[in-house]
A.B. asks: 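Next up is a structure, given as structure tokens.
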Amino acid sequence: MNFELTKQQLELQEMVKDFVAKEVAPGVAARDEAESYEETYKIMKKMGKLGLWGLPYPKEYGGAGGNQVDYCLAGIEINKVDASLGCSYSVHISLAGWPIFHYGNEEQRQKYAVPMFKGELLGSFALTEPNAGSDSGASECTAVLKGDEYILNGPKIFNTNGGYSDVNVVFAMTDPSKGVKGISAFIVEKDAPGYNIIKTERKMGIRSTQQAAVQMEDVRVPKANLLGKEGEGFKIAMTTLDGGRIGIAAQGAGIAEGAYEYALQYAKQRVQFGKPISTQQWVAFTLAEMATKVEVAKAMTMRAACIKDAGQSYSVAAAMAKMVATDIAMENTTDAVQILGGHGFLRDHPVERMMRDAKITQIYEGTNQIQKLVISGAILR
Ligand code: CAA
């Protein structure tokens, strides 16, 4: 067992830190206030140019040749400062890039994955529907084969990057009589007629990323864009989410660390009763707990990343890491607000935004209750 990062990983971490300080930190509060993805998208494009969109993918497919640990290191640095950007990035890499790379044939990889990893095409993942949230197998979207095309109909919601994404991984029922075994996955291009963005959501947090509601009306998808085999869609969605949850664990760890670092600096400077509040035992002990929890979140995240990198089964490790790290994100941001007191409640300090952002990490890519279902299902099998 080795907890040391390699020289290359330390360099990557420094590079991302530097990028975040120069390009992400300025304007993060203003982007949140604007509740628009537009400026975040511009930063995403810059990240694409730096090679970050293909970080954990092979160089021969336009990637950077890194692995899951690298991806998590980058994710933590980004999410320490801007969880909206972190969300957009993680969906592109894990939920859109991975299924196309992993399940796509060579033609699909060349046409979609390569430009996605090179930073040219942005991805999204359209699984959730109004009546298929935690019960993601209850899809009401349909795909009917007619000649050389599938005709897709139905609603999708909470589609991160939707409206900006060039490549959408979309799930729909090809055979409703088979239940989850009747779901198939498709690659749908942005401008496909009938792929209509009908709404962008107004949210508590991650306000400068975009979640769209999509209504598909007779969207014609070439047969060549079926991902995997007919009926493999649910397996594709589940295995994709297994990996996505490692990215969300990194997001939780990043948010937790960002809140801790801010509260630490504040507590050393804020004077009450004639001395810095960091000298008050409650504050000192809370900071001690926060610092410890950051390490727990990072360790669980990196453990899951290492298991995936080793080619072992990572479903349970990912669920555990996602659950623990995102609960810690919520706890640390809440404690950070408490340490700042009334000031923490104001928008003048980032901990207010961080606390709002942390909440969604306990919910998306499977609520933390769903993670318990995944973990208990495995340990009680
Ligand atoms: N890997 C491979 N196969 C899997 C699997 C996995 N992780 N999980 C389930 N399967 C297979 C099962 O083995 C089973 O196949 P067999 O019958 O051949 O054994 C089949 O799929 C059905 O499994 P279940 O009976 O367990 O399925 P279920 O309908 O009970 O659902 C669930 C299981 C875990 C609750 C699943 O629906 C789930 O993960 N729900 C949460 C959905 C979710 O995470 N949504 C997030 C949306 S994306 C998002 O948030 C994006 C964003 O913008 C950030």
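Both counts, for ligands and for their atoms, begin at 1 and track the order of listing.
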A.B. asks: Polar-atom distance check: Thr128 versus ligand 1, any N or O pair below 3.5 Å?
C.D. replies: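 Not met; the criterion fails.
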A.B. asks: What part of Ser134 sits under 4.0 Å from ligand 1 if we count only heavy atoms: the side chain, the backbone, both or neither?
C.D. replies: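 Contact part for Ser134 vs ligand 1: backbone (N, CA, C, O).
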A.B. asks: Between Tyr41 and Tyr164, does the ring centroid distance fall short of 6.0 Å?
C.D. replies: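 Yes, the ring of Tyr41 comes within the 6.0 Å limit of the ring of Tyr164, centre to centre.
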A.B. asks: Hey, does the side chain of Asp309 reach the backbone of Asn67 with a donor-acceptor pair shorter than 3.5 angstrom?
C.D. replies: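 Checked: no pair found.
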A.B. asks: Does a sphere of radius 6.0 Å around CD in Gln8 hold more than 12 heavy atoms from other residues, nucleotides or ligands, not counting ones at 6.0 Å or beyond?
C.D. replies: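 For Gln8, atom CD is not crowded (no more than 12 foreign heavy atoms under 6.0 Å).
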A.B. asks: Of the backbone atoms (N, CA, C, O) and the side-chain heavy atoms from C-beta on, which set of Gln210 has a member under 4.0 Å from an atom of ligand 1: side chain, backbone, both, or neither?
C.D. replies: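 The answer is neither; Gln210 stays 4.0 Å or more away.
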A.B. asks: Look at atom 34 (C) of ligand 1 and say which protein heavy atom is nearest, naming residue and atom and giving the distance to 0.1 Å.
C.D. replies: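 Checked against all protein heavy atoms, atom 34 (C) of ligand 1 sits closest to Val374 CG2, 4.0 Å.
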A.B. asks: Might you check, step by step, whether the distance between atom 41 (C) of ligand 1 and some protein heavy atom is under 4.0 Å?
C.D. replies: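 It does: a protein heavy atom is found less than 4.0 Å away from atom 41 (C) of ligand 1.
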A.B. asks: Is it true that Glu33 and Arg207 make a salt bridge, defined as a side-chain N closer than 4.0 Å to a carboxylate O?
C.D. replies: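 Salt bridge absent between Glu33 and Arg207.
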A.B. asks: Tell me, which protein residue and heavy-atom name are nearest atom 33 (C) of ligand 1, and how many Å apart are they?
C.D. replies: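 Of every protein heavy atom, Phe234 CZ, 4.4 Å lies nearest to atom 33 (C) of ligand 1.
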A.B. asks: Would you confirm whether any non-hydrogen atom of the protein falls under 4.0 Å from atom 25 (O) of ligand 1?
C.D. replies: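 Flag for atom 25 (O) of ligand 1 set to false, no protein heavy atom closer than 4.0 Å.
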A.B. asks: Which heavy atom of the protein is the closest neighbour of atom 39 (O) of ligand 1, given with residue, atom name and distance?
C.D. replies: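 Looking at atom 39 (O) of ligand 1, the protein heavy atom closest to it is Arg245 NH2, 3.2 Å.
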A.B. asks: Can you find a side-chain donor-acceptor pair between Ser278 and Tyr266 that sits under 3.5 Å?
C.D. replies: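 The answer is no; no qualifying pair exists.
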A.B. asks: What protein heavy atom lies closest to atom 53 (O) of ligand 1? Include the residue and the distance to one decimal.
C.D. replies: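 Scanning the protein heavy atoms, the shortest distance from atom 53 (O) of ligand 1 goes to Thr160 OG1, 2.5 Å.
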A.B. asks: So if I apply the ring pair (Phe, Tyr, Trp, His ring centres under 6.0 Å) rule between Phe186 and each of Tyr150, Tyr112, Tyr195, which one comes out positive?
C.D. replies: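 Of the listed options, the one satisfying the test is Tyr150.
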A.B. asks: Using a strict 4.0 Å cut-off to heavy atoms of Asp242, name the atoms of ligand 1 that fall inside it.
C.D. replies: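 Close to Asp242: 1 (N), 6 (C), 7 (N).
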A.B. asks: Within a distance of under 4.0 Å, is there any protein heavy atom near atom 15 (O) of ligand 1?
C.D. replies: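 Neighbour list for atom 15 (O) of ligand 1 includes protein heavy atoms (cut-off 4.0 Å).
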A.B. asks: Looking only at protein heavy atoms, which one is nearest to atom 37 (O) of ligand 1, and what is the separation?
C.D. replies: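 Nearest neighbour among protein heavy atoms for atom 37 (O) of ligand 1, to 0.1 Å: Ser136 OG, 2.9 Å.
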A.B. asks: Quick one: look up the protein heavy atom nearest atom 10 (N) of ligand 1 and list residue, atom name and how far away it is.
C.D. replies: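 Looking at atom 10 (N) of ligand 1, the protein heavy atom closest to it is Met238 CG, 4.2 Å.
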A.B. asks: Would you mind running through ligand 1 and noting each atom that sits below 4.0 Å from a heavy atom of Thr239?
C.D. replies: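 In order of number, 1 (N), 2 (C).
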A.B. asks: For the side chain of Ser94 and the backbone of Val91, is there at least one donor-acceptor N/O pair under 3.5 Å apart?
C.D. replies: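 Not at all, since once roles are kept as given, no pair shorter than 3.5 Å links the two residues.
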A.B. asks: Hey, is atom 1 (N) of ligand 1 touched by any protein heavy atom at less than 4.0 Å?
C.D. replies: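 Under 4.0 Å from atom 1 (N) of ligand 1, at least one protein heavy atom found.
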A.B. asks: Tell me, yes or no, whether the heavy-atom count around Glu60 atom CD, taken from other residues, nucleotides or ligands under 6.0 Å, exceeds 12.
C.D. replies: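 Yes, CD of Glu60 has more than 12 neighbouring heavy atoms, counting only those of other groups under 6.0 Å.
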A.B. asks: Please check if the distance between the ring centroids of Phe171 and Phe125 is under 6.0 Å.
C.D. replies: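 Phe171 vs Phe125: aromatic centres under 6.0 Å.
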A.B. asks: Looking at atom 22 (C) of ligand 1, is any protein heavy atom nearer than 4.0 Å to it?
C.D. replies: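 So far as the 4.0 Å threshold goes, atom 22 (C) of ligand 1 is in reach of a protein heavy atom.
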A.B. asks: Can you confirm whether Arg220 is buried at CZ, in the sense that more than 12 heavy atoms of other residues, nucleotides or ligands lie under 6.0 Å from that atom?
C.D. replies: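 No, not enclosed.
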A.B. asks: Any idea which atoms of ligand 1 are less than 4.0 Å away from a heavy-atom of Phe158?
C.D. replies: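 The atoms of ligand 1 under 4.0 Å from a heavy atom of Phe158 are 53 (O).
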A.B. asks: For ligand 1, does Val91 get within less than 4.0 Å through its side chain, its backbone, both, or neither, judged by non-hydrogen atoms?
C.D. replies: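 It is the side chain that gets close, since no backbone atom is under 4.0 Å.
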A.B. asks: Does ligand 1 have an atom under 4.0 Å from some heavy atom of Gly366?
C.D. replies: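 The answer is yes, since Gly366 has a heavy atom less than 4.0 Å from ligand 1.
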A.B. asks: Number the atoms of ligand 1 from 1 as they appear, then name those within less than 4.0 Å of a heavy atom of Tyr364, with their elements.
C.D. replies: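 Within the 4.0 Å cut-off of Tyr364, ligand 1 contributes 50 (O), 54 (C).
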A.B. asks: Identify, for atom 3 (N) of ligand 1, the protein heavy atom at the shortest distance, and state residue, atom and that distance.
C.D. replies: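 Scanning the protein heavy atoms, the shortest distance from atom 3 (N) of ligand 1 goes to Lys235 CG, 4.2 Å.
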A.B. asks: Out of all atoms in ligand 1, which are within 4.0 Å of some heavy atom of Ile370? Include the element for each.
C.D. replies: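 Taking each heavy atom of Ile370 in turn, ligand 1 has 35 (C), 39 (O), 40 (N), 41 (C) under 4.0 Å.
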A.B. asks: Measure Leu95 to ligand 1 on non-hydrogen atoms and call it side chain, backbone, both or neither using the 4.0 Å cut-off.
C.D. replies: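 Looking at Leu95 and ligand 1, just side chain atoms fall under 4.0 Å.
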A.B. asks: Check for me whether the distance between the ring centres of Tyr364 and Phe158 falls short of 6.0 Å.
C.D. replies: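 No; Phe158 has its ring centre 6.0 Å or more from that of Tyr364.
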A.B. asks: Regarding ligand 1, does Glu365 bring an N or O atom to under 3.5 Å of one of the ligand's N or O atoms?
C.D. replies: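 Looking only at distances, the answer is yes, because the N/O contact criterion of under 3.5 Å is met.
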A.B. asks: Could you tell me whether Glu120 and Lys45 have a side-chain N and a carboxylate O separated by less than 4.0 Å?
C.D. replies: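 No salt bridge links Glu120 with Lys45.
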A.B. asks: Looking only at distances, can you tell me whether any N or O atom of Asp135, backbone or side chain, sits closer than 3.5 Å to an N or O atom of ligand 1?
C.D. replies: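 By distance alone, the answer is no.
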A.B. asks: Can you spot which of Lys298, Lys17, Lys293 makes a salt bridge (charged side-chain N to carboxylate O under 4.0 Å, His left out) with Glu257?
C.D. replies: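 Among Lys298, Lys17, Lys293, the one meeting salt bridge (charged side-chain N to carboxylate O under 4.0 Å, His left out) with Glu257 is Lys298.
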A.B. asks: Describe, in one word, how the ring planes of Phe117 and Tyr57 are oriented to each other, choosing from parallel (under 30°), tilted (30 to 60°) and perpendicular (over 60°).
C.D. replies: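 Phe117 and Tyr57: parallel rings.
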A.B. asks: Might you confirm whether atom CD of Gln281 has over 12 heavy atoms from other residues, nucleotides or ligands at distances under 6.0 Å?
C.D. replies: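 At most 12 heavy atoms, drawn from other residues, nucleotides or ligands, come within 6.0 Å of this atom.
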A.B. asks: Does any N or O in the side chain of Lys203 come within less than 3.5 Å of the main-chain N or O of Thr209, such that one atom is a donor and the other an acceptor?
C.D. replies: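 Flag set: sc Lys203 to bb Thr209 pair under 3.5 Å.
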A.B. asks: Heavy-atom distance from atom 12 (C) of ligand 1 to the protein below 4.0 Å?
C.D. replies: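 No, because not a single protein heavy atom sits under 4.0 Å from atom 12 (C) of ligand 1.
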A.B. asks: To check your reading of the model: name the closest protein heavy atom to atom 17 (O) of ligand 1, its residue, and the distance in Å.
C.D. replies: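 Heavy-atom neighbour on the protein nearest atom 17 (O) of ligand 1: Lys181 NZ, 2.9 Å.
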A.B. asks: How does Gln211 reach ligand 1, if at all, at less than 4.0 Å between non-hydrogen atoms: by side chain, backbone, both, or neither?
C.D. replies: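 The answer is neither; Gln211 stays 4.0 Å or more away.
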